[in-house]
K.L.:
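One structure follows; several queries about it will come next.
Computed from a predicted model, the values in this text were never measured in an experiment.
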Amino acid sequence: MTDSKMKKVYTWLWGIIAAVYGLWMALFMSWDQYPYIIPTDADMQLPAEAFVAKFDGMLYEPLYPNALVFWLWVVASTVLLVCYALFIRKILFGKEITKLTTVFCMVNLLAGFAFITWYGFLSFPEQFGNILTDVTASMLGLRYPWYFKAWGVLASLSIFTNTIYMYRKNNYKGKAGVIVTSLGCAAIFVTINVPSAGLDLVMTARCLSHWATALIFAFLGAAGVIIFLFHKCREKDKKYIIATVIFIAVLLLMLVLLVTVGKSAFIENLPMWVAYALLFIINFTSFFDKKEKKGIKETVNA
């Protein structure tokens, strides 16, 4: 399939994603539906057992103070999803990689890394559990709902733009990689709009949709990187082979920790940190760049 046809395919893909998301938000997520639980300062001083007991029985407070705020968020987030198709056209199919494109991708990569790291170490609250082993990104969202939305948006934007930048820099246009990365980075927009909200909501449609889309983001986002790494491994590049082994090992380590230790923002961030580091090294350094052999270079010059 030609580049022109693929651009249309990706445009339609993101157009459908944005339309479905916008309709879902408009028809099913009314501004006073799915409120967030926000503990008071007094609640945060309770012993762990008392806090958990009250946590599930608290009155919910709406995130959006009025309908206008809700609709502004719906419009802004839907427009952002539409922009993903433009990112593909500019980064993956543009005539050349411009300095502006490079700076844009580098800045949102660094911003994403900085924000998810800062967000992952917020306290919610200390009485609820150990921040390194018990407090998840979603639980933080119950106390810091707009930070949680920013976490999802920045994680999605930074991973997506830098994955396709990595493809372009290496002249790789794998359709499967672009599609799975697109679906993964779109899924997180559901996660941040349907946060986990207490132990009484486990195994409900709300909780399952939250967990499912979070897992889709994690695994499909990683899949977009892994597909590229496997492509480079076929070229028997030792550096890429080592990078692939390390990246997969970290993903497996995260799964082991989730089973043995439990979920937490720190554990959730492990593969993200490695992905950010890998994308930065591939995209903005010459570490993985192939060097011309001296004999070949001299032959070309002759």
K.L.:
How long is the gap from CG on Leu183 to CG on Leu13, to the nearest 0.5 Å?
P.N.:
6.0 Å

K.L.:
Is any side-chain heavy atom of Phe189 less than 4.5 Å from a side-chain heavy atom of Ile17?
P.N.:
no

K.L.:
Testing the basics here: between Phe288 and Ala243, what is the closest heavy-atom pair and its distance to 0.1 Å?
P.N.:
CZ-CB, 3.9 Å

K.L.:
Does the ring centre of Tyr84 sit less than 6.0 Å away from the ring centre of Phe160?
P.N.:
yes

K.L.:
Apply the test side-chain contact (heavy atoms from CB on, under 4.5 Å) to residues Tyr240 and Glu235: give CA-CA distance (whole Å), side-chain angles for both, the deciding distance (0.1 Å), then the verdict.
P.N.:
CA-CA 9 Å; Tyr240 275 105; Glu235 299 175 0; over 6 Å; no

K.L.:
Checking Asn108 side chain against Ala111 main chain: does a donor-acceptor pair fall under 3.5 Å?
P.N.:
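Checked: no pair found.
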
K.L.:
Checking the side chain of Asn162 only, and the main-chain atoms of Cys105 only, is there a donor and an acceptor separated by less than 3.5 Å?
P.N.:
yes

K.L.:
Which heavy-atom pair separates Pro271 from Phe247 by the least distance, and what is that distance?
P.N.:
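That would be O-CE1, 4.1 Å.
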
K.L.:
Could you tell me whether a side-chain N or O of Thr98 sits under 3.5 Å from a main-chain N or O of Thr101, the two making a donor and an acceptor?
P.N.:
yes

K.L.:
Is Val274 linked to Ile281 within one hydrophobic cluster, defined over Ile, Leu, Val, Met, Phe, Trp and Tyr using a side-chain heavy-atom separation of less than 4.5 Å?
P.N.:
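Yes; tracing contacts between hydrophobic side chains, which count when under 4.5 Å, links both residues.
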
K.L.:
On a heavy-atom basis, which atom in Thr78 and which in Ala18 lie closest, and how many Å separate them?
P.N.:
CG2-O, 3.7 Å

K.L.:
Would you say the rings of Phe284 and Tyr165 are close, in the sense that their centroids are separated by under 6.0 Å?
P.N.:
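Yes; Phe284 has its ring centre under 6.0 Å from that of Tyr165.
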
K.L.:
What distance do Ile241 atom CD1 and Leu229 atom CG have between them, rounded to the nearest 0.5 Å?
P.N.:
11.0 Å

K.L.:
For residues Asn66 and Val69, report the shortest heavy-atom separation together with the two atoms involved.
P.N.:
OD1-N, 3.1 Å

K.L.:
Verify the ring-centre separation between Tyr276 and Trp273: is it less than 6.0 angstrom?
P.N.:
no

K.L.:
Cluster question for you: counting only ILVMFWY and a side-chain heavy-atom cut-off of under 4.5 Å, with indirect links fine, are Tyr119 and Trp146 together?
P.N.:
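Same hydrophobic cluster.
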
K.L.:
Could you label the plane-to-plane angle of the His231 and Phe228 rings as parallel, tilted or perpendicular, counting under 30° as parallel and over 60° as perpendicular?
P.N.:
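Answer is tilted, since the angle falls between 30° and 60°.
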
K.L.:
Specify the closest pair of heavy atoms between Leu109 and Ser158, including all atoms of both residues, with the distance to one decimal.
P.N.:
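So the two residues come closest at CA-CB, 4.0 Å.
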
K.L.:
Given side chains that start at C-beta, do those of Lys173 and Met6 come closer than 4.5 Å, heavy atoms only?
P.N.:
no

K.L.:
Determine whether the aromatic ring centres of residues Trp151 and Phe148 are separated by less than 6.0 angstrom.
P.N.:
yes

K.L.:
Please tell me whether Val225 and Leu253 are part of a single hydrophobic cluster in this structure, the criterion being side-chain heavy atoms less than 4.5 Å apart.
P.N.:
yes

K.L.:
Report yes if the side chains of Trp73 and Met25 come closer than 4.5 Å at any heavy-atom pair, otherwise no.
P.N.:
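Touching, per the 4.5 Å side-chain cut-off.
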
K.L.:
Does the ring centre of Phe87 sit less than 6.0 Å away from the ring centre of Trp14?
P.N.:
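Trp14 vs Phe87: aromatic centres not under 6.0 Å.
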
K.L.:
Go through it in stages, so that I can follow the logic: the residues are Leu279 and Met166, the test is side-chain contact (heavy atoms from CB on, under 4.5 Å), and I'd like the CA-CA distance, side-chain angles, deciding distance and then a yes or no.
P.N.:
CA-CA 7 Å; Leu279 288 169; Met166 175 177 67; 3.8 Å; yes

K.L.:
Step through the shown structure and confirm whether more than 12 heavy atoms of other residues, nucleotides or ligands are within 6.0 Å of CH2 on Trp12.
P.N.:
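No, not enclosed.
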
K.L.:
So, Thr181 versus Thr163: side-chain donor-acceptor pair below 3.5 Å or not?
P.N.:
no

K.L.:
Looking at Asn283, is its backbone amide N or carbonyl O close enough to the side chain of Lys169 to form a donor-acceptor pair, meaning the two atoms are under 3.5 Å apart?
P.N.:
yes

K.L.:
Would you give the length of the straight line joining atom CG of Leu278 to atom CD1 of Ile246, rounded to the nearest 0.5 angstrom?
P.N.:
9.0 Å

K.L.:
Could you grab the distance from atom CG of Asn193 to atom OG of Ser77, nearest 0.5 Å is fine?
P.N.:
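Those atoms lie 6.0 Å apart.
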
K.L.:
Kindly indicate, with the supporting measurements, whether the criterion side-chain contact (heavy atoms from CB on, under 4.5 Å) is fulfilled by Thr244 and Ile226.
P.N.:
CA-CA 7 Å; Thr244 304; Ile226 291 173; 5.5 Å; no

K.L.:
Do the side chains of Val153 and Trp118 join up, straight or via other hydrophobic residues, at under 4.5 Å, putting them in one cluster?
P.N.:
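Yes, Val153 and Trp118 fall within the same hydrophobic cluster.
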
K.L.:
Going through the checks in order, is the side-chain contact (heavy atoms from CB on, under 4.5 Å) test met by Ile88 and Val178?
P.N.:
CA-CA 9 Å; Ile88 292 177; Val178 177; 4.0 Å; yes

K.L.:
Taking all non-hydrogen atoms of both residues into account, name the closest pair between Ala85 and Thr11 and its distance.
P.N.:
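Between these two residues, the closest heavy atoms are CB-CA, 4.0 Å.
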
K.L.:
Under the 3.5 angstrom rule, does the side chain of Thr191 hit a backbone N or O of Ala214 as a donor-acceptor pair?
P.N.:
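Judged by distance alone, yes, a pair lies under 3.5 Å.
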
K.L.:
Okay, side chain of Asp237, backbone of Cys233: is any donor-acceptor separation there less than 3.5 Å?
P.N.:
no

K.L.:
With a 4.5 Å limit on heavy-atom distance, are the side chains of Ile248 and Phe230 in contact?
P.N.:
yes

K.L.:
If you measure from CG on Leu81 to CD1 on Ile16, what distance do you get to the nearest 0.5 Å?
P.N.:
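It comes to 13.0 Å.
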
K.L.:
Taking the six-membered ring for Trp, are the ring centroids of Tyr172 and Tyr167 within less than 6.0 Å of each other?
P.N.:
yes

K.L.:
Taking a hydrophobic cluster as the set of Ile, Leu, Val, Met, Phe, Trp and Tyr residues connected by side-chain heavy atoms closer than 4.5 Å, whether directly or through intermediates, do Ile282 and Leu110 fall within one such cluster?
P.N.:
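Hydrophobic grouping puts Ile282 with Leu110.
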
K.L.:
Going from CD1 on Ile192 to OG1 on Thr213, what distance comes out if it is rounded to the nearest 0.5 angstrom?
P.N.:
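Going from CD1 on Ile192 over to OG1 on Thr213, the span is 9.5 Å.
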
K.L.:
Within a strict 4.5 Å, meaning less than it, do heavy atoms of the Asn170 and Lys232 side chains meet?
P.N.:
yes

K.L.:
Okay, side chain of Ser156, backbone of Gly152: is any donor-acceptor separation there less than 3.5 Å?
P.N.:
no

K.L.:
Given the side-chain rings of Phe280 and Phe113, with only the six-membered ring counted for Trp, is the space between their centroids under 6.0 Å?
P.N.:
no

K.L.:
Sub-3.5 Å donor-acceptor pair from the side chain of Arg168 to the main-chain atoms of Gly94, do we have one?
P.N.:
yes

